[in-house]
Amino acid sequence: PFNYPPLPSSGYIRLLHLDPHSDRPSELRGSLRIHKLDAQCQYEAISYAWGDYPEFNKGLILDGQALKITGNLYAALMAYRYPNRTRVLWADAVCINQTDTAEKTQQIAIMADIYNKARTVQVWLAPASQ
């Protein structure tokens with residue numbers, strides 16, 4: 001299982017620092033960093049569809065560990081990552097420890113603030129059909 005760094009208190013969130021494209025175009029890499037949720041916290045939030053029965057079958061490498069994410073979130077992160085610089089994002093399935101009920105409850109309680117304080121909110125429904 002993925003080991004999340006603990007949050008120091010309720011005024012903090014984790015943000016995904018998503019690495020730019022690499023020589024492995026299908027690989028997503030980045031790091032999770034803890035930030036105080038205040039005016040200096042610069043990030044974009046992602047709102048996306050988990051689906052009725054989400055399958056966590058895609059990989060995201062964070063700080064050398066593999067975190068399983070849904071295919072739809074994987075597609076969104078692939079589309080949103082920058083070609084040549086890090087992008088700072090908040091996505092619930094990555095930034096909230098989904099196996100820690102106490103943390104989930106606390107973070108869900110501040111989700112309105114998380115979305116309100118984001119520079120922008122990116123909405124992702126699904127990849128375009130081909």
Side-chain angles (χ1 to χ4, degrees):
F2 186 82
N3 291 314
Y4 278 88
L7 295 171
S9 71
S10 63
Y12 288 82
I13 61 173
R14 290 183 199 90
L15 293 175
L16 166 60
H17 290 245
L18 186 62
D19 290 348
H21 293 275
S22 68
D23 54 347
R24 294 181 166 168
S26 64
E27 184 176 82
L28 286 174
R29 290 188 164 270
S31 62
L32 275 183
R33 298 187 193 161
I34 296 171
H35 294 265
K36 185 166 180 57
L37 185 58
D38 61 15
Q40 280 96 26
C41 191
Q42 296 292 311
Y43 63 96
E44 298 171 86
I46 298 177
S47 179
Y48 63 99
W50 276 54
D52 292 336
Y53 302 100
E55 290 186 39
F56 292 81
N57 57 3
K58 295 290 184 179
L60 169 60
I61 307 299
L62 296 172
D63 305 310
Q65 296 183 73
L67 175 68
K68 292 294 186 181
I69 60 175
T70 65
N72 199 37
L73 179 55
Y74 174 86
L77 294 175
M78 291 294 286
Y80 290 145
R81 73 178 173 178
Y82 289 131
N84 55 7
R85 63 186 168 101
T86 300
R87 191 164 194 177
V88 181
L89 301 165
W90 183 88
D92 58 355
V94 174
C95 298
I96 298 173
N97 182 348
Q98 299 296 317
T99 63
D100 182 335
T101 303
E103 178 181 309
K104 264 194 338 188
T105 301
Q106 183 276 321
Q107 291 285 289
I108 289 169
I110 64 169
M111 277 178 73
D113 283 341
I114 292 171
Y115 281 106
N116 284 329
K117 290 186 174 164
R119 266 193 0 234
T120 62
V121 176
Q122 303 292 334
V123 177
W124 181 266
L125 299 177
S129 61
Q130 297 185 7

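Heavy atoms only: backbone and side chains are in, while hydrogens, waters and symmetry mates are out.
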Specify the closest pair of heavy atoms between Tyr4 and Ala93, including all atoms of both residues, with the distance to one decimal.
OH-O, 3.6 Å
Quick one: closest heavy-atom pair of Pro83 and His21, and the distance?
CA-CD2, 3.0 Å
Glu44 and Val88, any side-chain heavy atoms less than 4.5 Å apart:
no
Among the clusters formed by ILVMFWY side chains lying less than 4.5 Å apart, do Met78 and Phe56 turn up in the same one?
yes
Flag for Asn97-Thr99: side-chain donor and acceptor within less than 3.5 Å:
yes
Return the CD1 to SG distance between Ile114 and Cys41, rounded to the nearest 0.5 Å.
9.0 Å
Could you label the plane-to-plane angle of the His35 and His17 rings as parallel, tilted or perpendicular, counting under 30° as parallel and over 60° as perpendicular?
parallel
Do Lys58 and Leu60 touch side chain to side chain, with heavy atoms closer than 4.5 Å?
no
Any side-chain heavy atom of Arg81 within less than 4.5 Å of one from Asp19?
no
Do Leu18 and Ile34 belong to the same hydrophobic cluster, where Ile, Leu, Val, Met, Phe, Trp and Tyr are linked whenever their side-chain heavy atoms lie under 4.5 Å apart, directly or via other members?
no
Is there side-chain contact between Ile110 and Ile13, with at least one heavy-atom pair below 4.5 Å?
yes
What is the distance from atom CG of Asn72 to atom CH2 of Trp124, rounded to the nearest 0.5 Å?
7.5 Å
Would you kindly confirm whether Ile108 and Tyr43 end up in one hydrophobic cluster when ILVMFWY residues are joined by side chain heavy atoms under 4.5 Å apart?
yes
Which heavy atom in Asn57 sits nearest to a heavy atom in Gly71, and how many Å separate them?
OD1-N, 3.9 Å
Interatomic distance, CD@Gln122 vs CD1@Ile46, rounded to 0.5 Å, equals 7.5 Å
To the nearest 0.5 Å, what is the distance between CG on Leu67 and CG on Leu28?
11.0 Å
Rounded to the nearest 0.5 Å, the OH atom of Tyr80 sits from the CG atom of Leu89 at a distance of 9.0 Å
How close do Ala66 and Phe2 get, heavy atom to heavy atom, and via which atoms?
O-CD1, 3.8 Å
Heavy-atom closest pair (Gln107 atom, Leu7 atom, distance to 0.1 Å) is NE2-CD1, 3.6 Å
Min side-chain heavy-atom separation Tyr12-Leu37 under 4.5 Å:
no
Provide the closest heavy-atom pair for Trp90 versus Arg14 in the form atom of the first, atom of the second, distance.
CD1-O, 3.3 Å
Those residues at least two apart in sequence (or on a different chain) that pass side-chain hydrogen bond (donor to acceptor under 3.5 Å, both in side chains) with Asp92 are Tyr48, Trp50
Any Leu32 side-chain heavy atom under 4.5 Å of Asp63 side chain
yes
A side-chain contact here means heavy atoms from C-beta on lying under 4.5 Å apart; do Val94 and Leu62 qualify?
yes
Applying side-chain contact (heavy atoms from CB on, under 4.5 Å) to Arg33 and Leu15, what does each step give before you reach the verdict?
CA-CA 5 Å; Arg33 298 187 193 161; Leu15 293 175; 5.6 Å; no
Of all residues at least two apart in sequence or in a different chain, which pass the side-chain hydrogen bond (donor to acceptor under 3.5 Å, both in side chains) check with Glu27?
Arg24, Arg29
Say whether Leu77 and Tyr115 are linked into one hydrophobic cluster, either directly or through other cluster members, by side-chain heavy-atom distances under 4.5 angstrom.
no
Side chains of Gln106 and Ser10: donor-acceptor distance under 3.5 Å anywhere?
no
Could you go through Lys68 and Glu55, starting from their C-alpha distance and side-chain angles, then the distance that decides it, and tell me whether this counts as salt bridge (Lys or Arg N to Asp or Glu O under 4.0 Å)?
CA-CA 9 Å; Lys68 292 294 186 181; Glu55 290 186 39; over 6 Å; no
Heavy-atom distance under 4.5 Å between the side chains of Leu16 and Arg87, does that happen here?
no
